[in-house]
Amino acid sequence: MLHGHMSYGRGDAHDMPRSVQTIEPQTPLYTSGPQGPLDSHPISPDNSVLGGANSISGSKRIYPFPYSDPGTPGITKSGDFSKEYGYGSVAWKERVDSWKSKQEKLQMTTTEGVIPSSGSKGDSVDDSGMDGADVSLMDEARQPLSRKVNIASSLINPYRMVIVLRLVVLGFFFRYRILNPVPNAFGLWLTSIVCEIWFAFSWILDQFPKWFPINRETYLDRLSLRYEREGEPSHLAAVDVFVSTVDPMKEPPLVTANTVLSILAVDYPVDKVSCYVSDDGAAMLTFEALSETSEFARKWVPFCKNFNIEPRAPEVYFAQKIDYLKDKVQPNFVKERRAMKREYEEFKVRINALVAKAQKVPDEGWIMQDGTPWPGNNTRDHPGMIQVFLGHSGGLDSDGNELPRLVYVSREKRPGFNHHKKAGAMNALVRVSAVLTNAPYFLNLDCDHYINNSKALREAMCFMMDPTVGPKVCYVQFPQRFDGIDLHDRYANRNTVFFDINMKGLDGVQGPVYVGTGCCFRRQALYGYDPPIQPKKPSMACDCLPGWLCGPRHSKKKSGKSKKTEQKKQPPVRTDSTVPIFNLEDIEEGMEGYDDDKSLMMSKKNFEKRFGQSPVFLASTLLEEGGVPPSASPAGLLKEAIHVISCGYEDKTDWGLEIGWIYGSVTEDILTGFKMHARGWRSVYCMPRRPAFKGSAPINLSDRLNQVLRWALGSVEIFLSRHCPLWYGYGGRLKFLERFAYINTIVYPLTSIPLLVYCTLPAICLLTGKFIIPTISNIASLWFLGLFLSIIATGVLEMRWSGVGIEEWWRNEQFWVIGGVSAHLFAVIQGFLKVLAGIDTNFTVTSKGSDDQDQFAELYLFKWTSLLIPPTTLLVINLVGVVAGISDAISSGYSSWGPLFGKLFFAFWVIVHLYPFLKGLMGRQNRTPTIVIVWSVLLASIFSLLWVRIDPFLIRATGPDQKLCGINC
Ligand SMILES: O=c1ccn([C@@H]2O[C@H](COP(=O)(O)OP(=O)(O)O[C@H]3O[C@H](CO)[C@@H](O)[C@H](O)[C@H]3O)[C@@H](O)[C@H]2O)c(=O)[nH]1
Ligand SMILES: [Mn+2]
């Protein structure tokens with residue numbers, strides 16, 4: 001979008017004055033991209049952006065510049081620069097004028113009954129220059145870009161009926177259970193009932209948000225008809241893609257490189273795509289690998305586009321074991337592919353060499369190619385670094401076409417600042433991208449999640465750029481799909497029950513939760529604005545207005561209140577989420593009184609309090625169609641970009657509290673999405689047939705448990721925060737069932753406590769000879785049977801409408817128990833410790849293996865972690881219980897087999913659920929670290945002995961010497 005021939009506006013050039021819309025031809029934003037290998041361009045300190053514009057355009061590339069501010073460290077005043085086009089400048093007034101005139105124009109068009117155009121998209125289709133032949137195409141282009149596909153009623157209605165039935169049976173079941181205590185094991189009975197009530201409650205939380213599942217269908221051809229007309233520049237909206245990476249040892253550069261390559265080769269106009277890589281590890285390895293990647297992209301991208309290959313991540317593409325000649329017709333394909341494969345292998349060797357070199361840090365720290373020390377040598381104390389590769393004037397690809405921009409960003413790190421992990425990194429990217437490219441949408445990807453479907457961005461735009469659906473949508477979430485998972489998915493890494501059942505259900509309510517990756521956002525939604533309120537009468541002409549500007553206008557009367565609510569300094573236990581935290585008046589104030597300096601100052605102050613003190617950034621937030629002002633000088637922009645990633649930038653602002661990625665949880669994703677839903681936004685779940693993105697998952701037991709531990713810990717953090725969905729955002733626009741789902745995602749770790757207790761009960765019963773249920777009557781056994789059957793039936797019907805297979809479903813059940821009694825339990829403990837003792841939680845990144853030799857060696861990898869203790873103990877005591885129970889029955893004759901059966905059934909239930917865990921414990925060579933065995937046997941035997949001796953559940957009325965021992969007596 002920074003290219004000369006492109007105009008920013010969609011449609012008429014006089015929609016907005018040139019100063020805002022049209023980018024001056026040949027404006028060089030950056031002169032970037034090495035023309036040759038890294039060492040051919042010695043770095044001189046003068047290349048730093050502080051050297052001024054000349055030094056930038058003069059040098060062949062911009063090197064990461066340790067930004068040393070001549071004035072006050074931390075906050076930088078941009079001086080003259082802000083006068084150029086910042087807040088309060090002449091350009092500012094122009095922008096405000098243009099905004100006003102555009103608004104009037106839009107209002108006119110709608111009242112005249114011309115096509116209501118898309119919310120934030122100014123105009124979607126304009127009629128100028130259309131002749132008769134185009135009319136039918138136009139009709140097609142006016143069709144919606146997507147469609148809701150309801151699940152067939154023959155599939156969904158039986159499902160709903162069974163749910164109701166299950167609820168009824170559950171009622172009777174509890175009636176029976178409560179009215180029939182077990183006299184000689186009252187404690188056991190009570191404990192079990194309490195657990196069962198909790199399970200029922202958590203089932204309800206999980207079940208009801210799945211009441212209205214939907215599918216969606218997109219029409220990419222209509223999107224193209226509407227926004228990409230023959231002979232005209234594309235009118236698709238620009239998208240900034242964010243990639244986060246932190247540790248090149250756990251997240252190999254080759255993995256990140258593949259992700260970046262898939263982004264650069266995406267099927268989207270090159271000038272509308274920019275890729276920002278956040279390096280939280282400040283690793284020179286990542287930087288150099290990215291530099292190599294940008295060079296390789298010059299050959300890779302044209303290859304992908306010429307031959308239309310999928311996926312566009314080379315590692316996966318070349319590893320595919322399918323007929324790669326299928327539907328390929330160009331005669332030179334085979335030759336080119338062979339050449340490309342060779343090129344990729346050479347690229348891989350270069351990356352491997354970089355990795356090998358990076359294994360040992362030299363004593364003097366890393367030195368860049370030009371001999372200057374790498375600014376990130378101290379990863380916890382280093383300046384912000386930005387490097388732009390490729391893009392406009394960054395050199396062309398091997399076919400002579402431009403490439404999308406690629407930007408390396410490593411935010412400043414200083415001791416004594418809370419960097420807020422991934423959330424902090426993403427907020428830094430939000431600001432850098434606002435300053436440099438300011439696309440109205442951005443896509444967030446983890447470094448291992450490559451684009452698997454090159455049309456992914458278009459899929460997202462089918463929702464975002466749809467005039468009716470779009471304006472209300474804060475993000476489009478895609479399901480996470482994975483490569484390299486073991487055949488039977490032992491630890492339920494695929495998570496299909498969540499991605500294919502729960503998320504589809506939520507899509508029918510208010511939209512899927514945000515899961516951290518594979519999600520395309522509307523920039524304005526993350527800036528904390530409210531969604532547009534749909535007018536009751538069409539004459540309100542509000543559809544055409546940019547959504548975020550519309551919302552506040554309708555809630556004008558509340559705005560006085562909002563100014564108080566938004567003061568987050570007072571504990572906002574009950575924040576009224578309907579109240580926009582910003583409203584139009586702030587902007588209007590600035591407009592109406594722009595001759596009145598005072599009111600301008602006022603609104604500027606308010607704005608700065610929210611977004612921080614960057615005039616360029618503030619100005620960018622007002623360009624709801626994105627883009628950067630044409631007057632901006634590249635040097636100034638880069639300087640400002642460095643400013644917005646400085647440590648102190650977020651001090652006393654709303655970043656992480658009300659805007660951007662929200663801080664306070666290691667599952668920043670859930671919290672961030674929740675915040676937007678609470679404001680009334682809706683999200684959309686998009687599942688193209690060819691998965692849009694694919695990533696990797698930890699397939700060995702210990703890593704998987706640690707990942708689940710982090711997720712559960714994040715939930716507990718939210719539970720204990722002011723954003724707890726149990727109390728946050730009432731009276732707002734958060735739908736009831738959506739809240740249910742959010743409550744479910746934050747209370748599930750608590751289920752670990754009743755689960756752990758419940759799983760020990762069968763063992764206790766077997767060892768003591770007691771049972772949680774009294775001798776059962778025929779009627780009563782009906783309730784048990786009924787409950788059991790209705791559980792099975794809901795499962796079966798759920799699998800039928802969702803297409804999830806039985807194995808996946810069963811793995812999910814098993815892992816629910818395994819994770820429940822280990823990771824979730826630890827998460828609850830750690831979470832409460834954090835609150836009570838102030839022990840901070842950390843983000844343990846999962847390693848993304850890149851070695852293709854023996855994938856499944858990983859599965860059998862065993863790493864000791866204390867998470868293994870509780871499930872192992874449970875397994876052992878239940879196994880001991882089974883043995884004890886059977887031997888007891890053998891010695892006491894036939895009559896005891898009847899009651900034993902029930903107990904054995906429960907013990908069996910525990911053991912089969914923990915079976916994958918047992919397998920993982922055994923490893924490949926059946927070698928389990930002795931420590932686990934020792935601990936578990938110890939705990940299990942102490943435990944069994946204790947229960948047998950003390951037997952607290954026994955009512956002692958029958959005499960003290962009776963039943964001292966449950967085993968073999
Ligand atoms: O300080 C940090 C820590 C992590 N990350 C990045 O966060 C991402 C997620 O890390 P990963 O270890 O792969 O976690 P997963 O459990 O696989 O990730 C899921 O869950 C996380 C929340 O716990 C989300 O942040 C992720 O987006 C989501 O894919 C990676 O790209 C990291 O580079 C950072 O940028 N900075
Ligand atoms: Mn991951």
Side-chain angles (χ1 to χ4, degrees), residues 241-253 255-256 258-260 263 276-283 286 379-380 408-411 413 417-430 443-450 475 477-485 491-495 498-499 512-519 521 645 656 661-674 693-699 703-718 745-746 749 819 823 827 831 840-850:
V241 185
F242 299 168
V243 178
S244 58
T245 178
V246 61
D247 178 354
M249 294 305 145
K250 283 176 155 184
E251 307 180 319
V255 172
T256 312
N258 266 275
T259 303
V260 168
I263 295 165
Y276 291 86
V277 178
S278 153
D279 178 16
D280 252 355
T286 306
T379 51
R380 278 192 224 119
Y408 170 89
V409 179
S410 183
R411 61 191 166 128
K413 292 269 174 80
F417 284 89
N418 188 347
H419 296 290
H420 301 291
K421 299 141 199 156
K422 184 189 163 189
M426 297 321 288
N427 283 339
L429 285 192
V430 171
L443 171 72
N444 160 230
L445 293 175
D446 286 352
C447 60
D448 58 335
H449 278 247
Y450 63 88
Y475 59 82
Q477 174 68 59
F478 293 83
Q480 285 186 25
R481 299 290 188 224
F482 303 95
D483 282 330
I485 289 178
Y491 306 120
N493 271 299
R494 286 189 210 285
N495 239 332
F498 175 74
F499 287 115
V513 298
Y514 163 49
V515 293
T517 179
C519 187
F521 289 92
I645 56 169
W661 265 256
I662 306 299
Y663 302 149
S665 166
V666 279
T667 50
E668 73 299 323
D669 42 6
I670 299 295
L671 192 51
T672 305
F674 174 62
F693 309 101
K694 277 188 166 188
S696 63
I699 58 170
D703 285 351
R704 174 69 167 141
L705 287 179
N706 271 310
Q707 181 187 43
V708 179
L709 167 66
R710 164 156 47 78
W711 291 347
L713 183 56
S715 289
V716 178
E717 284 175 317
I718 300 174
T745 53
I746 57 124
D840 197 24
T841 51
N842 65 334
F843 194 115
T844 323
V845 182
T846 40
S847 19
K848 290 103 183 159
S850 73

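Both counts, for ligands and for their atoms, begin at 1 and track the order of listing. In what follows, every heavy atom counts, from backbone to side chain, and hydrogens, waters and symmetry copies are set aside.
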Exercise for the section: Decide yes or no for Q480 and F693: does some side-chain heavy atom of the first lie under 4.5 Å from some side-chain heavy atom of the second? Expected result: no
Exercise for the section: Compute the minimum heavy-atom distance from V515 to ligand 1 and say whether it is under 4.0 Å. Expected result: yes
Handout entry: Per atom 36 (N) of ligand 1, closest listed option by heavy atom (V666, L713, D280, D669)
Key = D280
Practice task
Report yes if the side chains of P698 and N493 come closer than 4.5 Å at any heavy-atom pair, otherwise no.
Solution key: yes
Exercise for the section: May I ask you to identify the nearest protein heavy atom to atom 27 (O) of ligand 1, giving residue, atom name and distance to one decimal place in Å? Expected result: K422 NZ, 2.7 Å
Practice task
Would you tell me whether N418 and Y663 have side-chain atoms, one donor and one acceptor, within less than 3.5 Å of each other?
Solution key: no
Exercise for the section: Within a distance under 4.0 Å of any heavy atom of T245, pick out the atoms of ligand 1 and give their elements. Expected result: 33 (O)
Handout entry: Student check: side-chain heavy atoms of F482 and H449 closer than 4.5 Å
Key = yes
Exercise for the section: Give the residue and atom name of whichever protein heavy atom lies nearest to atom 19 (C) of ligand 1, and the separation in Å to one decimal. Expected result: W711 NE1, 3.8 Å
Exercise for the section: Could you tell me whether Q707 and ligand 1 have an N or O pair separated by under 3.5 Å? Expected result: yes
Exercise for the section: Give the residue, atom name and distance (to 0.1 Å) of the protein heavy atom nearest atom 13 (O) of ligand 1. Expected result: K848 NZ, 2.7 Å
Practice task
Answer yes or no: is there a side-chain heavy-atom contact under 4.5 Å between E251 and V246?
Solution key: yes
Exercise for the section: Run the contact test for C447 against ligand 1 with a 4.0 Å cut-off on heavy atoms, strictly below, and give the result. Expected result: yes
Problem - Side-chain heavy atoms of D280 within contact of S410, under 4.5 Å - result: no
Completion exercise
Closest to atom 6 (C) of ligand 1 by heavy-atom distance, out of S715, S244, G424, is S244
Fill in the blank from the handout: T846 heavy atoms within 4.0 Å reach ligand 1 at atoms 11 (P), 12 (O), 13 (O), 14 (O), 17 (O)
Practice task
Give yes or no for whether the N/O distance cutoff of 3.5 Å, strictly under, is met between G516 and ligand 1.
Solution key: yes
Problem - Nearest protein heavy atom with distance in Å, relative to atom 25 (O) of ligand 1 - result: E668 OE2, 2.6 Å
Fill in the blank from the handout: Q707 and T846 have their tightest heavy-atom pair at CB-CG2, 3.9 Å
Practice task
Starting from atom 23 (O) of ligand 1, find the nearest protein heavy-atom neighbour and note its residue, name and distance.
Solution key: R710 NH1, 2.7 Å
Problem - Shortest protein contact, atom 10 (O) of ligand 1 (heavy atom only) - result: F843 CE2, 3.6 Å
Handout entry: 4.5 Å side-chain heavy-atom contact, D669 and K422
Key = no
Exercise for the section: For atom 18 (O) of ligand 1, grab the closest protein heavy atom and report residue, atom and distance to one decimal in Å. Expected result: D446 OD2, 3.7 Å
Problem - Contact atoms of ligand 1, heavy-atom distance to Q480 under 4.0 Å - result: 29 (O)
Fill in the blank from the handout: Quick note on ligand 1: atoms under 4.0 Å from a heavy atom of V845 include exactly 12 (O)
Fill in the blank from the handout: When distances are taken from atom 32 (C) of ligand 1, the protein heavy atom at minimum range is E251 OE2, 3.2 Å
Practice task
Would you indicate whether the side-chain heavy atoms of I263 and L445 approach each other to under 4.5 Å?
Solution key: yes
Handout entry: Side chains of F242 and V430 in contact at under 4.5 Å (non-hydrogen atoms)
Key = yes
Exercise for the section: Establish, from distance only, whether the side-chain atoms of Y475 and N444 form a donor-acceptor pair under 3.5 Å. Expected result: no
